[in-house]
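Report on one structure; see the data block that follows.
Here is how names work: the chains are called A, B, and so on, in the same order as the sequence lines, proteins then strands, and each is numbered from 1. Values below: every heavy atom of this structure, side chains too, minus hydrogens, waters and symmetry copies.
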Number of protein chains: 2
Amino acid sequence: MSLDHALLVSLLEKPSSGYELARRFDRSIGYFWHATHQQIYRVLSRMEEADWVAAEVQAGETAPDRKEYSVTATGSAELSRWLAEPTEPEGVRDILMVKLRGAAFGDAGSLIPELEHHRAAHANRLTCYRVIETRDFSGALDRQRALQYQVLKSGIRFEQGWLEWCEEALGLLRSFEQ
Amino acid sequence: MSLDHALLVSLLEKPSSGYELARRFDRSIGYFWHATHQQIYRVLSRMEEADWVAAEVQAGETAPDRKEYSVTATGSAELSRWLAEPTEPEGVRDILMVKLRGAAFGDAGSLIPELEHHRAAHANRLTCYRVIETRDFSGALDRQRALQYQVLKSGIRFEQGWLEWCEEALGLLRSFEQ
DNA sequence: AGTTGCAATGCAACTCGTTGCATAGTATCT
DNA sequence: AGATACTATGCAACGAGTTGCATTGCAACT
């Protein structure tokens with residue numbers, strides 16, 4: 001599994017509470033990996049037991065209790081081990097593809113709004129990535145920044161790909177509408 | 001869930017046994033959705049109970065028993081219903097992205113072989129898609145073929161994207177090696 | 001006659017991930 | 001004073017997906 005490792009990376013970038021991590025998974029980190037707070041809390045507990053992370057409880061004076069997690073030496077070693085471990089590229093699993101192939105056996109026209117919606121969503125994300133790109137990655141970049149930028153660039157590349165593909169697919173579906 | 005619907009589409013394209021489906025999920029269908037035989041058998045049973053598919057048992061004279069499934073009217077209606085149902089675009093979840101960001105806290109060089117391996121795998125798939133493209137989609141296409149082609153084109157587009165991105169990322173990692 | 005391999009199906013146990021709910025304190029608005 | 005919303009954590013139950021193993025029968029090789 002890799003949520004473990006995604007959390008390790010995230011905690012190395014900045015020690016945080018589960019709640020904070022969950023919020024970051026709704027934004028920056030979420031652009032390359034997503035998770036719910038449930039999962040995050042459970043994985044954090046598991047990793048604490050395995051001594052990959054350590055929690056410092058900050059008793060709540062002005063706010064509810066908060067456990068700030070940071071990565072231990074063991075956790076850091078585990079990350080390094082995992083980095084070098086080979087993995088296979090993941091298989092594609094996209095609902096739109098199934099639907100498109102399924103359109104041959106149903107009402108192809110009913111897919112048009114769906115595709116338009118996806119096109120809009122991808123355009124949205126692309127804009128969002130572009131904003132981040134200009135805001136955070138336009139000057140000189142240290143190693144960490146450069147790596148983060150490379151990750152962002154995959155997002156940009158793929159959203160562009162999606163946009164173009166949605167256009168194409170919409171063209172095809174519309175050509176059936178005669 | 002959509003393995004259900006992926007199977008419906010697949011069975012509409014050609015009625016098959018679970019085993020056959022599993023094999024097709026290792027090739028053509030697997031290019032846009034993958035599954036193990038376990039999952040397939042379980043989903044088929046469930047769908048049979050829901051009367052989305054019907055099985056015709058072909059008692060084995062020369063081979064072990066075989067259940068050939070085909071889609072019922074109910075199943076077909078369910079597919080149409082699902083086609084029109086809106087869904088959100090899926091979030092990205094790619095291990096390479098996590099690893100790349102993690103490389104800031106470990107040995108970045110150890111990622112190079114991994115990236116080279118992914119590049120090779122994507123190049124491989126791209127070649128494979130190109131072969132299919134020439135073989136199956138070069139003449140005039142009926143509606144079904146055109147839709148299948150559109151799905152294949154997304155595969156081609158994304159593998160190309162991956163290739164270019166792997167090159168870029170490798171360049172970056174190598175620039176750290178000085 | 002025995003081993004290997006493939007076609008075909010399936011059970012059981014497990015991990016991963018989602019959903020719904022519960023709690024409890026703090027802050028802010030009306 | 002009460003309603004609403006946000007911070008912060010967690011349990012319990014479920015559903016999706018993987019892994020390992022088991023079975024049966026045929027075919028082909030050795």
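- Legend: side chain to side chain donor-acceptor pair (under 3.5 Å) pairs involving residues 138-148 of chain B, not counting sequence neighbours, sorted by first then second residue: B:E13-B:Q148.
- Listed by chain and residue number, A:L141, B:L172, B:F176 satisfy the side chain to side chain contact (heavy atoms under 4.5 Å, CB included) test with A:A146 (two or more places apart in sequence, or in another chain).
- With a 4.5 Å cut-off between side-chain heavy atoms of Ile, Leu, Val, Met, Phe, Trp and Tyr, the cluster of B:V131 takes in none.
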Dump the pairs, protein N or O against N or O of nucleotides 11-14 of chain D, anything under 3.5 Å, distances to one decimal.
unit_1, atom_1, unit_2, atom_2, d
D:dC11, N4, A:Q38, OE1, 2.4
D:dC11, N4, A:Q38, NE2, 2.3

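- With sequence neighbours left out, the side chain to side chain contact (heavy atoms under 4.5 Å, CB included) criterion links A:D107 to A:S110.
- A:Y129 meets the ring pair (Phe, Tyr, Trp, His ring centres under 6.0 Å) test with A:Y31; sequence neighbours excluded.
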Name each donor-acceptor pair under 3.5 Å that joins a side chain in residues 91-100 of chain A to protein atoms two or more places apart or in another chain, with its distance.
unit_1, atom_1, unit_2, atom_2, d
A:R93, NE, B:H34, O, 3.3
A:R93, NH2, B:H34, O, 2.8
A:D94, OD1, A:L96, N, 2.8
A:K99, NZ, A:E114, OE2, 3.1
A:K99, NZ, B:W82, O, 3.3
A:K99, NZ, B:E85, O, 2.5

Check: residues 43-50 of chain B side-chain donor-acceptor pairs under 3.5 Å, at least two apart:
unit_1, atom_1, unit_2, atom_2, d
B:S45, OG, B:Y41, O, 2.9
B:R46, NH1, B:D4, OD1, 3.3
B:R46, NH1, B:D4, OD2, 2.9

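- Applying the side chain to side chain donor-acceptor pair (under 3.5 Å) rule to B:K153 yields the partners A:E168; only residues at least two apart in sequence or on another chain are considered.
- Remark: nothing in residues 76-100 of chain A comes within less than 4.0 Å of DNA chain C through any heavy atom.
- Summary for the helix from C:dA1-D:dT30 to C:dT30-D:dA1: the axes at its two ends, each from 5 pairs, differ by 10° when rounded to the nearest 10 degrees.
- A heavy-atom distance below 4.0 Å to DNA chain D is reached by these residues of residues 45-56 of chain B, ordered by number: B:R46.
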